[in-house]
Structure formats: C-alpha cells, structure tokens
Amino acid sequence: RSLKIQAGKAERFVEAQAQWASEKTRLLKHRVWLFDRQALELSSAIGSLESDAQRLRDARQGAESSVQTRQREHAALTAELERLASETSRRAGDGRAIDERRAQLQSRVASLEAGARDEGQRAEALSRTLRERDLEITALDESIAEVARACKAAEATAKSRRITPRCAFL
C-alpha cells in the first residue's frame, strides 16, 4: 500500500509536473505574444518618435538658419544704422558750415553793397566835379581862343608896325 500511495503520488506529481510545464509553456508563449505586441506598438511609437525627432531636428535646423539669417540682417542693419548716423552727423556739420558760410556771405554782400553805395556816391560827386571841370575847360578854351585872337591881332598890329611879336605860347 505505501508503494501504491507513493506511486500515486509520483503519478500525480508527474502529471502536475507535466501540467505545470504545459502551463508554464503556455504562460511563456502568452508573455512572448504580449512582448511581441508591445514590441510592435513600441516600434511604431519609436518610428513616430523618430519621425517627430527628425521633424524637430529639421525645424531646429531651419530655426538656426533663420537665426543666423536674422543675425546677419541685424549686423547689416546695425552697420547701416551706424553709417547713416555718421552720415547724419557729417551732414549736420555740413549744414552748420553752410549756415556759417551763408552768414559770412551775407555779411560780405552787405559790406559790398555799402561799398557800392559809397562808390556810387563818389562816382556822382566825381561826375559833378567832371561836369564842373568840363564847363571850366570850355570857359578856358573860350578864354584861350579870345586871347589867341587878341594875340594874333596884336601880332598883326606888331608886324604892321614892325615890332617883334611876344606871343610865344601860340
């Protein structure tokens, strides 16, 4: 009897061991199936994440390119702004120089106009003096003509009297 009990126990043990091995295999197959399913889900998620990562890399590269372009534009605009500020300063200086030159020219024009007025007055005075001198010359020419006539008459009288004439200025 104890052998039978032992044999029964051994049989049940072998059956339990076989059933356990079969269930273990079934469990492991189920786990493999779950792992395959998870791997498939994870591989599609990985693919999606990789495409997202690539899209983000492309976006980052585009953003970096845009940043570089904007930095170049900023540098160009800054240089242009500095050039324009310099040009503005130079032109403001030129404007001040022109204003100063204009003031000098206005002063010179005023001086020349005053000089022209003075010269005009002087010319009028000289013109009056010239007219007076012309009148005096005309009067003197008439006087000289009278004296010359008188001298010729005196000379003629002296010749007729046989005297040496003294009108040497003629």
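Atoms considered below: every heavy atom in the structure, side chains included; atoms not considered: hydrogens, waters and symmetry mates.
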(message) Between Thr129 and Arg133, does the side chain to side chain donor-acceptor pair (under 3.5 Å) criterion hold? Intermediate values first, please.
(response) CA-CA 6 Å; Thr129 304; Arg133 295 297 179 260; 5.9 Å; no
(request) Take Glu124 and Gln121, measure what side-chain contact (heavy atoms from CB on, under 4.5 Å) needs, and give me the verdict at the end. (result) CA-CA 5 Å; Glu124 284 179 30; Gln121 291 170 354; 5.7 Å; no
(request) Test Gln104 against Arg108 for side-chain contact (heavy atoms from CB on, under 4.5 Å), laying out the working first. (result) CA-CA 6 Å; Gln104 289 173 351; Arg108 188 172 175 196; over 6 Å; no
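Ion pairing of Arg128 with Glu132 is absent here, as no side-chain N (NZ or NE/NH1/NH2) approaches a carboxylate O to less than 4.0 Å. Salt-bridge formation is detected for the pair Glu87/Arg91: a Lys NZ or Arg NE/NH1/NH2 atom is positioned less than 4.0 Å from an Asp or Glu carboxylate oxygen. Taking 4.0 Å as the cut-off between side-chain N and carboxylate O, Lys152 and Glu155 do not count as a salt-bridged pair. Salt-bridge formation is not detected for the pair Glu15/Arg12: no Lys NZ or Arg NE/NH1/NH2 atom is positioned less than 4.0 Å from an Asp or Glu carboxylate oxygen.
Under the side chain to side chain contact (heavy atoms under 4.5 Å, CB included) rule, Lys29 has a single partner from Val32, Leu27, Thr25, which is Thr25.
Counting only residues at least two apart or on different chains, no ring pair (Phe, Tyr, Trp, His ring centres under 6.0 Å) pair has a member in residues 101-142.
Applying the salt bridge (charged side-chain N to carboxylate O under 4.0 Å, His left out) test to Arg26 and every residue at least two apart in sequence or in another chain returns Glu23.
Judged by distance alone, the side chains of Ser86 and Arg90 never bring a donor and an acceptor atom under 3.5 Å apart.
From Leu28, atom CG reaches atom CH2 of Trp33 across 15.5 Å, with rounding to the nearest 0.5 Å.
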